[in-house]
There are 2 protein chains.
Amino acid sequence: MTVATKLRTTVQRSTILEEVRRSHDHPTAEEVHRRVRRTVSNVSLGTVYRNLAVLDRAGEIRQIHLMGEPARFDGEVQPHHHVRCSRCGRVEDVAASIGARLTEEAAAATGYRIDEHRIEFTGLCPTCRRRGGS
Amino acid sequence: MTVATKLRTTVQRSTILEEVRRSHDHPTAEEVHRRVRRTVSNVSLGTVYRNLAVLDRAGEIRQIHLMGEPARFDGEVQPHHHVRCSRCGRVEDVAASIGARLTEEAAAATGYRIDEHRIEFTGLCPTCRRRGGS
DNA sequence: GTACATGCAAAAAGTTTGCCGACTC
DNA sequence: GAGTCGGCAAACTTTTTGCATGTAC
C-alpha cells in the first residue's frame with residue numbers, strides 16, 4: 001500500500017489507508033474506525049485520528065470539511081470537488097474539470113496567488129429527486 | 001437593524017447582528033462574543049451561539065466552514081466565495097461572478113439538482129506574497 | 001537500539017441544551 | 001399575560017494529547 005517515504009508501515013496505518021482508499025462514501029474518522037476494527041479489532045480511535053492526520057500531511061488521502069459536519073476523509077487525492085444531497089446526506093465526487101479556469105479568475109479578482117480551491121455543491125441527488133421535491 | 005419577521009428584537013440579538021454586519025473579517029462565534037461584550041458586557045457565549053444560529057436560519061447572516069477551523073460568520077448574505085491566506089490566515093471575500101456557470105456544469109456532470117455552491121480558495125495574500133515565498 | 005507508533009484515558013475545543021427568571025410584544 | 005429570550009452551567013461531540021509500552025527499521 002505504498003506509504004510515502006518517511007512513514008513506518010504498521011498494520012494499523014496500512015489498514016487505515018486501505019480502508020479510506022476503498023471507501024467511496026467519504027467516511028468520517030469514526031466510520032473509518034468502525035471499519036478498520038473489523039480487521040484490527042483493537043485499534044483505538046486516537047490512532048485512527050493520528051494516522052488520518054499523518055496520511056493527510058503525506059498527501060496519501062484528503063480531508064474534507066463540509067458545512068457543519070465532522071471531517072470526512074477521501075482516498076482520492078487527485079483534484080476534484082464534492083456534492084452533498086441535502087435530503088439524504090450522501091456526498092459524491094464531482095470531476096475537477098468543473099471550474100477549470102477558477103484559479104486564474106480568482107487570482108485576477110483578488111491579487112492572491114491561488115494554490116488550491118475546493119467547491120462544495122449542495123442539491124438533490126437523482127434518487128431523492130425522483131422521490132419528489134426539496 | 002431589521003431582523004426578519006418573526007424574531008423578537010432584544011439588545012443582545014440586534015447587537016450581535018450589527019456586529020457581524022460590520023465585521024468584514026469573518027469572525028468566529030468566540031470573536032463575535034468578545035466584540036459584543038464591549039457593548040453588552042454580560043452577554044453569554046451560549047446566547048451568541050443561539051443567536052448566530054437563529055440569524056443564520058433567518059437568512060440575516062451566513063455561516064462558513066473552512067478546512068479544519070471553527071465556524072465563521074459573515075454579514076454579507078449575497079452569494080460570494082472566500083479565499084484564505086495560508087500564511088497569515090486572513091479570510092477575504094471573492095466576488096460571486098467567479099464561476100458563474102458552475103451550477104449548470106455540475107448539474108450536467110452529476111445529475112443532481114444543484115441549489116448552491118461554495119468555493120474555498122487557498123493561497124497567499126498580496127501582503128504575504130511581498131514578504132516572500134510560501 | 002532508537003525513534004517512532006500504539007493504546008488508553010484524560011483533556012481540550014467547539015457547540016448545544018436544560019432550567020428558570022426576565023423581557024418583548 | 002403568553003411566549004420568547006437570555007444567563008448560567010452542565011453536557012455533548014469531535015478531535016487532540018500525555019504517558020507508558022510496544023514495534024519497525
Side-chain angles (χ1 to χ4, degrees), chain A residues 1-20 26-58 60-74 89 91, chain B residues 1-20 26-58 60-74 89 91:
Chain A
M1 16 71 285
T2 319
V3 177
T5 22
K6 296 305 181 66
L7 303 185
R8 284 193 182 170
T9 302
T10 64
V11 180
Q12 291 89 336
R13 180 162 297 163
S14 32
T15 309
I16 289 167
L17 177 53
E18 268 169 29
E19 195 54 56
V20 174
H26 309 88
T28 62
E30 202 133 9
E31 282 157 3
V32 173
H33 183 221
R34 193 175 312 119
R35 291 173 197 179
V36 167
R37 249 190 316 192
R38 297 197 290 241
T39 313
V40 189
S41 53
N42 63 329
V43 240
S44 72
L45 182 56
T47 294
V48 170
Y49 270 106
R50 256 189 294 236
N51 277 300
L52 289 170
V54 164
L55 292 167
D56 179 38
R57 269 181 246 122
E60 298 288 330
I61 64 174
R62 288 179 98 192
Q63 211 173 337
I64 65 185
H65 286 261
L66 307 179
M67 291 292 308
E69 292 190 341
R72 288 165 172 260
F73 297 85
D74 195 337
V91 174
Chain B
M1 21 67 291
T2 319
V3 177
T5 21
K6 295 305 180 65
L7 304 185
R8 285 194 181 167
T9 302
T10 64
V11 181
Q12 291 88 335
R13 181 163 296 164
S14 33
T15 309
I16 290 167
L17 177 53
E18 269 169 28
E19 194 54 56
V20 174
H26 310 88
T28 61
E30 202 133 5
E31 282 157 3
V32 173
H33 182 221
R34 193 174 313 119
R35 292 173 197 180
V36 168
R37 250 192 313 193
R38 298 198 290 241
T39 314
V40 189
S41 53
N42 63 329
V43 74
S44 73
L45 183 55
T47 295
V48 170
Y49 271 107
R50 253 188 297 236
N51 277 300
L52 289 170
V54 163
L55 292 167
D56 179 39
R57 267 181 248 121
E60 297 288 330
I61 65 174
R62 288 180 98 193
Q63 212 173 335
I64 65 183
H65 286 261
L66 306 179
M67 291 292 307
E69 291 189 343
R72 288 166 172 260
F73 296 86
D74 196 338
V91 174

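Order of the sequence lines fixes the chain letters, A, B, ..., with proteins taken first and strands second; residue numbering starts at 1 for each chain.
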Asker: Using 0.5 Å steps for rounding, measure from the NE2 atom of H65(A) to the CD atom of Q63(A).
Answerer: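 Spacing of NE2 (H65(A)) from CD (Q63(A)) equals 4.0 Å.
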Asker: Quick check: on DNA chain C, is the nucleotide nearest P70(B) upstream (toward 5') of the one nearest I16(A), or the reverse? Name the residue that is more 5'.
Answerer: I16(A)
Asker: Can a side chain N or O of T9(B) be found less than 4.0 Å away from OP1 or OP2 on dC25(C)?
Answerer: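 So the side-chain polar atoms of T9(B) do come within 4.0 Å of the phosphate oxygens OP1 or OP2 of dC25(C), strictly under.
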Asker: Using atom CD1 of I64(A) as one end and atom P of dT15(D) as the other, report the distance to the nearest whole Å.
Answerer: 12 Å
Asker: Out of dG14(C), dT14(D), dG7(C), which has the shortest distance to the side chain of Y49(B)?
Answerer: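 So the side chain of Y49(B) is nearest to dG14(C).
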Asker: Output the rounded distance in Å from CD (Q63(A)) to P (dT16(D)).
Answerer: 8 Å
Asker: Hey, is the side chain of Q12(B) poking within less than 4.0 Å of OP1 or OP2 on dC23(C), counting only N and O atoms?
Answerer: no
Asker: Roughly how many Å is it from NE2 in H33(B) to P in dT16(C), rounded to a whole number?
Answerer: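 Those two atoms, NE2 and P, are 15 Å apart.
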Asker: Taking atom CZ of R62(A) and atom NE2 of H26(A), what is their separation to the nearest 0.5 Å?
Answerer: 10.0 Å
Asker: Using the side-chain heavy atoms of R13(B), tell me which of these nucleotides is nearest: dC25(D), dG7(D), dC5(D).
Answerer: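 In terms of side-chain proximity for R13(B), the closest of dC25(D), dG7(D), dC5(D) is dC5(D).
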Asker: If you assign each of E30(B) and V11(B) to its closest nucleotide in DNA chain C, which residue comes earlier from the 5' end?
Answerer: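 With E30(B) and V11(B) compared, the 5'-side residue is E30(B).
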Asker: Atom CG of N42(B) to atom P of dA22(C): distance rounded to whole Å?
Answerer: 13 Å
Asker: In whole angstroms, how far is the P atom of dT4(D) from the CZ atom of R57(B)?
Answerer: 13 Å
Asker: Counting any heavy atom closer than 4.0 Å, what does V54(A) reach on the DNA or RNA strands: base, sugar-phosphate only, or nothing?
Answerer: nothing
Asker: Say you draw a straight line from CD of Q12(A) to OG1 of T47(A); how long is it, rounded to the nearest 0.5 Å?
Answerer: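 Here the rounded value is 6.5 Å.
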Asker: Answer with yes or no whether R50(B) presents, from its side chain, a donor or acceptor under 3.5 Å of a partner atom in the base of dG18(C).
Answerer: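 Side chain to base: pair present.
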Asker: To the nearest 0.5 Å, tell me how far I16(A) CD1 sits from F73(A) CZ.
Answerer: 10.5 Å
Asker: Please report the distance, rounded to the nearest Å, between CD in E69(B) and C1' in dT15(D).
Answerer: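 It works out to 15 Å between those atoms.
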Asker: Would you give the length of the straight line joining atom OG1 of T28(B) to atom CD of E30(B), rounded to the nearest 0.5 angstrom?
Answerer: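 Between T28(B) OG1 and E30(B) CD, I get 6.0 Å after rounding to 0.5 Å.
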Asker: Send over the distance from L52(A) CG to dA5(C) C1', rounded to a whole Å.
Answerer: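 Between C1' of dA5(C) and CG of L52(A): 15 Å.
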Asker: Think T47(B) has a side-chain N or O under 4.0 angstrom from the OP1 or OP2 of dG7(D)?
Answerer: yes
Asker: For dT6(C), take OP1 and OP2 only and decide whether either is under 4.0 Å from a side-chain N or O of T10(A).
Answerer: yes
Asker: Looking at S44(B), does any N or O in its side chain come under 4.0 Å of the phosphate oxygens OP1/OP2 on dA9(D)?
Answerer: no
Asker: Give a yes/no answer on whether the side chain of N51(A) brings an N or O atom under 4.0 Å of OP1 or OP2 in dT6(C).
Answerer: yes
Asker: Would you indicate what A53(A) reaches in the nucleic acid, counting non-hydrogen atoms under 4.0 angstrom: base, sugar-phosphate, or nothing?
Answerer: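 No contact at all - A53(A) keeps every heavy atom at 4.0 Å or more from the nucleic acid.
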Asker: Kindly say whether V43(B) contributes a backbone atom to a donor-acceptor pair with the side chain of H33(B) at under 3.5 angstrom?
Answerer: yes
Asker: In whole angstrom, what separates L45(B)'s CG from dC12(D)'s P?
Answerer: 18 Å
Asker: Would you indicate which nucleotide in dG7(C), dT23(D), dT14(D) comes nearest to any side-chain atom of R8(A)?
Answerer: dT23(D)
